[in-house]
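One-based numbering along the sequence shown.
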Amino acid sequence: MYKILKTVIVCAICFNSYNISAQLNEYLNSEENRISSANQIELEIQKFIDNNYNNYVLSKEVTDDLITHLRSEEEFTDAELQNAIKKTKVYELRKLFFSENPDKKDSYFARPMPLSVQQSCVNGDFENGTAGYTFWSDAHPQPASGTAFFLSCATPTAPTVLNAVTPANNNLNAAVTLIDNTSPGYTQYDPILAGLGVNIPTLFPSGGNKCIKLNNQQGFGSSDITTVSRYFPNINQETIDFNFSLIMDNKPAHGQPIQPFFRVRVLDQFNNVVDEICIVANPDNCLFNVIYVSNNRRVLYTDWICARLNVGEILNQPGTIEFTVSDCQPSAHFGTVYIDNICGSVCATPRLGALNTNATNINCPDTIGNTPIQVCGTFQAPLNATLSSISLDITQNGTVIGTVNAPTQLTANTFCFTVLPSMFGASPTGNFEFQIDANFNVNCPAGTFIYTISDNSANIGPDVTFIDCCLSTLTLASPADDVNNLAPSIVKKKERSDWIKAANIVSVGDNALSNGVVYHAANYVELNPGFEAVLGAQFSAYPEGCSANYTYKAQAPTTIPRSSDISNGDETINLIKVLKDFAIVPNPSSSTIEVIMNDAKFNRVTISTIDGKIVNERNIEKTDKTLIDVSSYANGIYIINVTSENGQVYTKKLIKN
């Protein structure tokens, strides 16, 4: 019986493994077809750009602003300025293509992996191509984007139909390149560094045959920011390790906020950041090797590095990993990165260190007894670095409301902070997060450099909540409990699960709707002698109980803007169509006509009858006008076709009398 049972179990396991493998192969084949379709669309886009390049010009305002802005930021030659204008025009034509062909976008976005395929990382070494990955590149042409888009490591980015791209095989000038040493055009070493006498492999040395390169090494006209992301239906490991090799152009005159950056982050299913690494081009950071090209330029680079992201708080939940690299904000200095083995390897020692806070989810801490809360976690120091400080911030909606400057327990790789409930405020309500910031010192040739590693939450959702946990009664009296509309929320918003009796004063008032003082309780709010809401103050009281929803119930506005009324700046196409046309003079005519082309030249003229019979066909030297004798033609209507020098055909009718 045992032997039969064992055989049945083995067969079941084999069948399940076969079924999962079949689903995985089906998924990979589907993704291969999607990528092939995207590659075909790229050919269509290039043809569209080629066919329409001479039919459109950038608006004069955009062109003038582009030149003015670039020259104010960088030393651009006239040739480089013209190249910047050309890149901007190509970018706008790409936008025009997608605006005219919105159905083409789906092929650029990776389809989700089947939920039954539970591995956290398939194809992370790119050996089977780029199945499951979505790529996009924001070419921010100056100055339409100006400086507003560039926020260094906080720069937002998201895939759209306008910025989606597909990798090009071994084309290092593409926005995204699939490096493949089995395909034509493979380059063993990065060409920029090789030209400067340094050989850094384009492939991870102990990896396979393929990896991904983000961003090209050009710039001049667009501050390219390129991203690859991958959605995982199930994160089944506590860390995601990966390898990367980073190269960044660096101008000494630029401040840190506008230098190229490289960012890696993991997002939970609600798009909250679980863990993040961000590196800004900085020669003082001894993560980088430095090549001094000139007084005005340095090239920074790393060898292949292994790094780690902590994702334990979303274990067995969906998540997305996202890699982003940028040029500098003025656009003349590039940033590019080679990436391989995304969760396909394990770092023996993460070069950049790691930090993780143990899961914490506490509802209604003891504010009466002020019972301490323990917040603990683990850390790994970056290579050759020593811990200098570690602190804890209590945040609410991104605002720090309390800080613990040092842990109560600290070992070589663990920490614990003691947090008192009183630190959340006098009458806390809502959700709070714990953010841990650790600073590490490392001795670099330029001096001591400080690495900062942060963990901005202990788990998915709030770390601490104060919801439905307020006290039963409250009495408010002057002067201790007087409040005003400009007071912090914890002062001007009061609630109780039973009742509130108020004999205090509400004052000031800033005339901002929904910014008033709010009291609400489950049973009643009682205003006793001494209570006064002075002229100009805003005050509201109503039964609601402990909801943590302090909405100031003001009258709704008469009109509510719809999302469709708000324009999307990314969809603005800054092109003007060139109205190329020709005239027939005179028309009608009984003898000779002159064909005159406006703002262009032509090299072919065809005249046919209304039923399609060709009566005159000639190739001529490129010109903008020519004379044609039509005196021998029978009276009637004729069709004249003029072919421009770029192959466009224009048509008009001629009346012969």
Side-chain angles (χ1 to χ4, degrees), residues 31 108-113 120-126 130-140 149-167 175-178 211-215 223-235 237-246 248 260-280 305-315 317-327 335-344 350 352 354 453-457 460 570:
E31 279 291 274
Y108 285 85
F109 302 100
R111 298 179 176 94
M113 187 185 299
S120 66
C121 188
V122 173
N123 213 22
D125 52 8
F126 301 108
T130 56
Y133 291 93
T134 295
F135 301 87
W136 63 96
S137 185
D138 290 295
H140 293 277
F149 79 95
F150 198 94
L151 302 173
S152 191
C153 293
T155 302
T157 181
T160 70
V161 65
L162 300 178
N163 62 14
V165 296
T166 187
V176 180
T177 306
L178 177 64
C211 76
I212 280 292
K213 176 181 180 290
L214 299 182
N215 238 12
S223 302
D224 299 336
I225 297 182
T226 303
T227 300
V228 55
S229 75
R230 176 67 180 269
Y231 171 78
F232 300 122
N234 181 62
I235 300 290
Q237 55 194 55
E238 293 191 350
T239 66
I240 294 180
D241 294 4
F242 62 95
N243 296 103
F244 73 94
S245 173
L246 185 61
M248 289 177 164
F261 69 85
F262 171 55
R263 180 181 67 203
V264 191
R265 60 187 182 183
V266 174
L267 309 173
D268 66 21
Q269 58 190 309
F270 308 108
N271 285 327
N272 299 309
V273 176
V274 177
D275 199 8
E276 176 177 294
I277 296 170
C278 197
I279 303 168
V280 180
I305 286 174
C306 191
R308 170 169 296 166
L309 293 160
N310 286 295
V311 294
E313 62 200 70
I314 57 171
L315 195 61
Q317 300 178 53
T320 299
I321 189 168
E322 183 183 279
F323 296 81
T324 298
V325 67
S326 84
D327 295 337
T336 189
V337 66
Y338 297 85
I339 302 168
D340 201 1
N341 297 324
I342 301 173
C343 62
L352 304 175
I453 306 177
S454 299
D455 188 358
N456 58 9
S457 181
I460 281 188
D570 287 340

**Study point:** side-chain contact (heavy atoms from CB on, under 4.5 Å) evaluation trace for F244 with F262
**Key:** CA-CA 10 Å; F244 73 94; F262 171 55; 3.7 Å; yes
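Taking each heavy atom of V274 and V311 in turn, the nearest pair found is CG1-CA, 4.2 Å. Taking both residues in full, the closest heavy atoms of S229 and W136 are given as OG-CZ3, 3.4 Å, listed atom of the first, atom of the second, then distance. For S457 against E313, the heavy-atom pair with the smallest separation is O-OE1, 3.3 Å.
Annotation: side chain of I277 is not in contact with side chain of R263 (no heavy-atom distance under 4.5 Å). In this structure, I212 and T130 have side chains that are in contact, with non-hydrogen atoms separated by less than 4.5 Å. A heavy-atom distance below 4.5 Å is found between the side chains of C153 and V280. The shortest side-chain heavy-atom distance between V228 and T134 does not fall under the 4.5 Å cut-off. Counting heavy atoms from C-beta on, the side chains of S223 and F149 come closer than 4.5 Å. Proximity of F232 to V266: side-chain heavy atoms (C-beta onward) are nowhere separated by under 4.5 Å. Within the 4.5 Å cutoff, the side chain of I279 has heavy atoms near those of the L352 side chain. Between L151 and P156 the shortest side-chain heavy-atom distance falls below 4.5 Å.
Residues D340 and N243 have side chains that never bring a donor and an acceptor to within less than 3.5 angstrom of each other. Between the side chains of T157 and D138, at least one donor N or O lies within less than 3.5 Å of an accepting N or O. T336 and N215 share no donor-acceptor pair across their side chains, judged by distance under 3.5 Å alone.
Of the possible polar contacts, none joining the D224 side chain to the D327 backbone as a donor-acceptor pair under 3.5 Å is found. When atom types are taken as modelled, the side chain of E31 and the backbone of G132 share a donor-acceptor pair closer than 3.5 angstrom. Checked by atom type and distance alone, the side chain of T239 never pairs as donor or acceptor with a backbone atom of D241 at under 3.5 Å.
When the salt bridge (Lys or Arg N to Asp or Glu O under 4.0 Å) test is applied to D268, no partner is found at least two apart in sequence or on another chain.
From L214, atom CG reaches atom OG1 of T177 across 8.5 Å, with rounding to the nearest 0.5 Å. The line from CG of N272 to CG of L267 is 8.5 Å long, rounded to the nearest 0.5 Å. In this structure, N310 CG and I453 CD1 are separated by 9.5 Å, a value rounded to the nearest 0.5 Å. Residue I305 holds its CD1 atom at 7.5 Å from OG of S245, rounded to the nearest 0.5 Å. How far OH of Y133 is from CD1 of I342: 4.0 Å, rounded to the nearest 0.5 Å. Between H140 atom NE2 and N163 atom CG the span is 8.5 Å, to the nearest 0.5 Å.
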For residues 319-326, run the donor-acceptor check on the side chains, cut-off 3.5 Å, and write out each pair with its distance to 0.1 Å, sequence neighbours left out.
from: E322; atom 1: OE2; to: R265; atom 2: NE; distance (Å): 2.8
from: E322; atom 1: OE2; to: R265; atom 2: NH2; distance (Å): 2.9
from: T324; atom 1: OG1; to: T227; atom 2: OG1; distance (Å): 2.8
from: S326; atom 1: OG; to: F261; atom 2: N; distance (Å): 3.2

